[in-house]
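A, B, ... follow the sequence lines: proteins, then strands. Residue 1 opens every chain.
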Amino acid sequence: MAAELAKQYEPAEVEGRIYSEWLEKGYFRAEKREGSKGPYTISMPPPNITGQLHLGHCMYTMQDALIRWRRMQGYDALWLPGTDHAAIATEVKIVEQMAKEGLSKEALGYEKFMERAWAWKETYGGRIVEQLKLLGSSCDWSRERFTMDEGCSKAVKEVFVRLYEKGLIYRGERIINWCVSCGTSISDAEVEHSERDGAFWHIRYPYADGTGHIEIATTRPETLLGDTAVAVHPDDPRYAEAIGRELILPLTGRNIPVIADSYVEMDFGTGAVKITPAHDPNDFEVGARHGLPILNVMTDDGHMNAQAGAAYEGMDRFACRKQLVKDLEALGLLIKVEPMKHSVGECYRCHTVAEPRVSTQWFVRMKPLAEPAIAAVKSGETKFVPARFEKTYMYWMENIKDWCISRQLWWGHRIPAYYCGACGEMAVTREAPEKCAGCGGDMVQDPDSLDTWFSSALWPFSTLGWPDDTEDLKYFYPTNTLCTAYDIIFFWVARMIFSGCEFMGKAPFDTVLITGLIRDELGRKLSKSLGNGADPVEVIQKYGADALRFTLTTGNSPGNDLRFSEEKVSASRNFANKIWNASRFVRMNLDEDEPAPHVPGNLNMEDQWILSRYNTTVREVTANLEKFELGMAVQKLYDFLWDEFCDWYIELAKISLTEPKTRAVLVYVLSGTLKLLHPFMPFITEEIWRALPHEGESIMISDWPVYDEALSFPGAEARMAVFMEAVKGIRNRRAEMNVPPGKKTNVFIRADDTFSDLLFVKLANASAVHWLAGRDYEKDDAVRIVGSGFKIWIPMGELVDPAAEKARLEKELAHIEKQLQGVNAKLSNEGFTGKAPAAVIEGARQNARQLAEKRAALRESLAALGGTV
RNA sequence: GGACGCGUAGCUCAGCUGGUUAGAGCGCUCGCCUCACACGCGAGAGGUCCUCGGUUCGAGUCCGAGCGUGUCCACCA
């Protein structure tokens with residue numbers, strides 16, 4: 001056994017050593033074992049290889065806590081880790097990095113660029129994995145995966161081909177969101193909308209026959225150059241005559257028709273809408289209905305193209321907007337400019353204003369896939385915790401649109417579509433075709449890659465070996481708990497569910513545990529630009545991983561955001577130190593050959609009490625974990641260990657440390673509590689557990705404690721409650737009377753029950769305890785303490801301030817009277833006595849009796865005191 | 001325009017299916033270096049549980065309305 005423990009817990013000395021040992025022993029490895037309780041699986045949300053560990057990742061603590069708990073319960077607990085290639089995010093970073101060296105993608109070429117990207121993956125993907133280890137994550141690293149590794153890539157290809165063959169993937173020309181900065185399409189989910197100050201330009205479109213004009217209003221004047229019609233509502237009387245006439249599109253000289261479409265809102269703007277099918281999703285629909293030409297006026301990088309006309313070609317889209325407004329004004333066609341707030345979409349990666357534009361892309365037909373995914377949640381096959389997020393999910397799924405999955409990026413999974421250079425024939429296949437099946441011409445692969453979420457959607461089964469029918473897949477799928485923040489329900493959770501339903505026939509997990517977001521002290525979202533996120537690595541170095549984990553799990557409930565502050569971590573560190581010192585105390589009083597944890601015989605009141613309280617804690621903490629109430633579980637452990645075990649039991653145990661029985665109880669309760677705490681504070685619990693008598697080689701593979709009816713001692717709990725009340729009463733009185741801690745006092749007690757004098761000597765600074773059987777203390781010169789089932793007198797001479805005592809008694813009396821009044825009012829209410837459960841009524845009666853007793857005693861005390869003041 | 005949170009002690013937040021006197025951490029006041037721990041010990045102060053109605057014998061907890069605040073979704077140009 002280790003020598004005496006240090007006075008303060010030093011996490012930095014402990015954590016690395018213990019983590020390495022766990023790794024070496026292979027404790028994280030999950031396997032199908034005979035006689036286990038079965039599988040318990042969590043797929044780790046794969047962190048992006050772009051990132052460093054941030055506080056958000058530290059919420060993975062919840063997953064680790066669940067895994068550690070289930071592992072101790074005897075499940076084959078698999079926490080499957082990995083990283084995400086994060087197509088667009090990574091590519092943007094690499095391009096940035098290259099720009100600093102004066103390099104560009106194009107200049108480098110595809111092959112070289114990909115080499116560079118893989119090198120990036122090795123460096124930074126590796127870094128974040130190492131950082132996850134610092135947190136204490138007990139993942140099965142032997143199963144670590146990457147969304148672009150061979151297996152995952154095979155799964156992606158398989159899914160693409162199957163969906164294509166089923167007609168659920170198609171290629172077509174649609175309006176998509178385009179990021180001019182990233183140079184790629186992005187999905188609807190990847191566009192963030194925000195309200196911005198903009199303007200509403202009212203513009204005159206003259207009739208071609210020179211008989212007047214129609215006034216339209218727009219927030220994006222530059223798109224005028226791509227207009228191919230103006231639409232009005234068919235029932236709008238203002239424009240009844242206009243329908244079918246021609247207008248001259250200003251600055252272009254083109255003629256465009258006025259068409260009728262009920263998409264137009266009559267009472268918004270001027271009731272006439274310019275239609276730009278190439279640059280607006282609604283206009284695209286209108287255009288399709290009316291067979292309008294589609295005129296794309298912009299380039300990939302957000303400049304105006306030749307179709308915009310020579311005057312504007314090459315201009316940046318926003319510069320063009322300015323110029324165009326100026327030109328309209330010069331022509332007298334600008335009627336007015338109204339300030340207007342409207343929502344602008346931007347790329348979620350680079351925050352450039354996204355451009356809706358028509359483009360040929362690949363899409364997933366979502367409706368048929370959404371149906372089973374909706375059913376899975378409706379039927380309860382998959383549950384959200386907290387349940388309210390089901391609504392978020394349902395709303396999105398029920399209103400889902402086709403998913404644009406192709407990206408004009410290099411870093412990602414190539415689309416398995418091949419085109420014949422000779423005849424244009426397309427083939428979608430698992431293996432690249434040698435030659436065109438039709439004409440024998442050479443085939444070229446589609447240059448686009450897939451949305452990064454396309455591969456993460458398959459994560460719960462691709463990582464287990466799918467499409468091969470592996471043993472892992474059979475055993476660990478479906479997984480159990482998916483734990484993630486609410487901000488990626490659409491991006492990821494929803495897509496995993498429909499993918500699981502489609503390809504596995506089963507939803508990928510039974511529970512989605514939603515965590516909140518971490519915010520800073522001021523409640524702001526953590527962001528790189530604000531630089532307001534503490535670096536978890538530094539926090540861990542300073543306070544320890546256990547303190548950080550504790551901070552993130554305690555007193556927090558699923559789905560709610562959490563404000564992070566260093567003060568909280570410091571408080572958690574203090575708790576770790578408290579555990580450490582309590583254990584140090586226990587440890588230093590043990591014999592060399594102290595037996596392993598067991599419940600001894602000959603238990604006295606306080607032994608029974610702490611065992612009973614421990615037993616209750618076991619039951620409640622386990623129940624909390626089953627309901628995913630991790631915050632509550634941790635809170636209970638904190639309270640139990642600090643308030644009950646340390647503040648009371650250890651103090652009482654000091655009286656009888658020489659008895660093996662007392663030491664056995666200390667060891668039993670402490671090591672059991674450490675087990676309960678282990679999922680949350682893995683390092684310190686392991687370190688201490690090993691220093692105490694124990695069986696087995698690690699706390700992390702020890703058995704989770706179970707509730708034991710034999711350890712339930714309600715009688716001892718009741719007696720102990722009385723004792724604690726008495727001790728607190730004495731302490732309180734001494735404090736208020738300003739009795740110096742060193743001054744011991746005589747204590748006279750009349751009680752229904754008796755306790756060992758030593759208890760009072762030790763905990764209440766008593767010099768001697770006098771038990772008054774069946775009679776009160778007779779002299780008047782004493783301070784009285786009245787409790788439930790006891791009265792205590794402390795001779796006044798030993799105290800100092802009778803006036804203060806009188807004031808205190810009066811205050812307490814008033815308080816008691818108020819309470820008594822309340823209880824009596826309740827008891828005399830027939831509604832209450834008639835309808836409330838018997839136990840509640842009995843409780844109230846008992847309370848009333850006790851209060852009445854206290855009141856009587858207080859009055860007596862006051863009367864007695866009155867004589868002496 | 002929809003949907004969803006939140007509003008409890010000075011600050012940050014717990015409080016499950018309604019049931020005795022509403023809790024914690026930090027901060028504050030008083031006293032203690034008491035032989036595990038000053039990252040500590042003991043004792044305190046501090047709350048109209050946002051407002052108004054309702055259901056109920058009983059509401060911080062359930063319902064309705066309102067106010068404040070935050071988030072997500074949405075094609076009104």
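- Within the structure, every pair that satisfies the ring-ring contact (aromatic ring centres under 6.0 Å, His included) test and touches residues 722-741 of chain A, not counting sequence neighbours, is listed here: A/Phe723-A/Phe755, A/Phe723-A/Phe760.
- Taking atom P on both nucleotides, B/A9 is separated from B/G46 by 14 Å, rounded to a whole Å.
- For A/Lys654, the NZ atom sits in a packed shell: over 12 heavy atoms of surrounding residues, nucleotides or ligands are nearer than 6.0 Å.
- Both distances falling under 3.5 Å, in either a Watson-Crick or a G-U wobble arrangement, place B/C62 opposite B/G54.
- Here, B/G25 and B/A14 have their C1' atoms 10 Å apart, quoted to the whole Å.
- Comparing B/C39 with B/U71, their C1' atoms are spaced 37 Å from each other, to the whole Å.
- Partners of A/Ala735 under the side-chain contact (heavy atoms from CB on, under 4.5 Å) rule, at least two apart in sequence or in another chain, do not exist in this structure.
- Across every non-hydrogen atom of A/Pro281 and A/Pro356, the tightest pair is CD-CB, 4.0 Å.
- Between B/A14, B/G5, B/A24, one nucleotide has an atom nearer to the side chain of A/Arg388 than all others, and that is B/G5.
- Pair assignment for B/A43 gives B/U29, based on Watson-Crick or G-U wobble hydrogen-bonding distances that are each under 3.5 Å.
- In summary, of the residues considered (A/Thr554, A/Asp546, A/Thr553), a side-chain contact (heavy atoms from CB on, under 4.5 Å) with A/Phe680 occurs for A/Thr553 alone.
- Partner assigned to B/U48 is none, using Watson-Crick or G-U wobble distances below 3.5 angstrom.
- Rounded to whole Å, the separation between the C1' atoms of B/C41 and B/C35 comes to 14 Å.
- A search for side-chain hydrogen bond (donor to acceptor under 3.5 Å, both in side chains) contacts involving A/Thr551 returns A/Ser572, not counting sequence neighbours.
- Atom pair A/Glu566:CD and B/G25:C1' shows a separation of 16 Å (rounding to whole Å applied).
- Pairs passing the salt bridge (charged side-chain N to carboxylate O under 4.0 Å, His left out) check and including a residue from residues 569-583 of chain A, sequence neighbours excluded, do not occur.
- Using the Watson-Crick or G-U wobble rule with both distances under 3.5 Å, B/A24 pairs with B/U12.
- With both pairing distances under 3.5 Å, B/G18 is matched to nothing as a Watson-Crick or G-U wobble pair.
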Contact string for nucleotides 30-46 of chain B, one letter per nucleotide 5' to 3', B = base within protein heavy-atom range under 4.0 Å, S = sugar-phosphate only, - = neither, reads ------BBSBSSSSSS-

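- For the salt bridge (Lys or Arg N to Asp or Glu O under 4.0 Å) test, residues two or more places apart in sequence or in another chain that qualify with A/Glu842 are A/Arg849.
- Only one option out of A/Trp580, A/Tyr543, A/Tyr9, A/Phe550 pairs with A/Phe575 in a ring-ring contact (aromatic ring centres under 6.0 Å, His included); it is A/Phe550.
- Between B/C72 and B/C52, the distance separating the two C1' atoms is 29 Å to the nearest Å.
- Considering only residues two or more places apart in sequence or on other chains, A/Ser187 meets the side-chain contact (heavy atoms from CB on, under 4.5 Å) condition with A/Ala189, A/Glu190, A/Trp403, A/Arg407, A/Asp451, A/Arg495.
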Nucleotide by nucleotide, nucleotides 68-77 of chain B touches protein heavy atoms under 4.0 Å in the pattern (B base, S sugar-phosphate only, - none) ----SS-BBB

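- Atom CD of A/Glu195 is surrounded by more than 12 heavy atoms from other residues, nucleotides or ligands within 6.0 Å.
- The distance from atom CG of A/Asn560 to atom C1' of B/G7 is 13 Å, rounded to the nearest whole Å.
- Every pair passing salt bridge (charged side-chain N to carboxylate O under 4.0 Å, His left out) that includes a residue from residues 390-402 of chain A is listed here, sequence neighbours excluded: A/Lys378-A/Glu398.
- Residues A/Gly271 and A/Val264 share a closest heavy-atom pair of O-CG1, 3.4 Å.
- Atom CD of A/Glu398 is separated from atom P of B/G2 by 19 Å (rounded to the nearest Å).
- Searching all strands for a Watson-Crick or G-U wobble partner of B/A38 with both distances below 3.5 Å returns nothing.
- Distance check on atom P: B/C30 versus B/U12 gives 25 Å, rounded to whole Å.
- Residues passing the side-chain contact (heavy atoms from CB on, under 4.5 Å) test with A/Ser557, sequence neighbours excluded: A/Asn560.
- With P as the reference atom, B/C49 and B/U8 are 11 Å apart, rounded to whole Å.
- In this structure, A/His202 and A/Phe200 have perpendicular ring planes: the angle between them is above 60°, well past the 30° mark.
- Separation of the P atoms belonging to B/A24 and B/G5 is 28 Å when rounded to the nearest angstrom.
- Base pairing of B/A3: its partner is B/U71, meeting the Watson-Crick or G-U wobble criterion (both donor-acceptor distances under 3.5 Å).
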I'd like a list of close polar pairs between nucleotides 18-20 of chain B and the protein, N/O only, cut-off under 3.5 Å.
| unit_1 | atom_1 | unit_2 | atom_2 | d |
| --- | --- | --- | --- | --- |
| B/U20 | O2' | A/Asn847 | ND2 | 2.7 |
| B/U20 | O2 | A/Asn847 | ND2 | 3.1 |

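- Taking atom CG of A/Leu637 as the reference point, atom C1' of B/A24 lies 15 Å away to the nearest angstrom.
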Table of protein N/O atoms under 3.5 Å from nucleotides 8-12 of chain B N/O atoms:
| unit_1 | atom_1 | unit_2 | atom_2 | d |
| --- | --- | --- | --- | --- |
| B/U12 | O3' | A/Arg563 | NE | 3.4 |
| B/U12 | O2' | A/Lys568 | NZ | 2.8 |

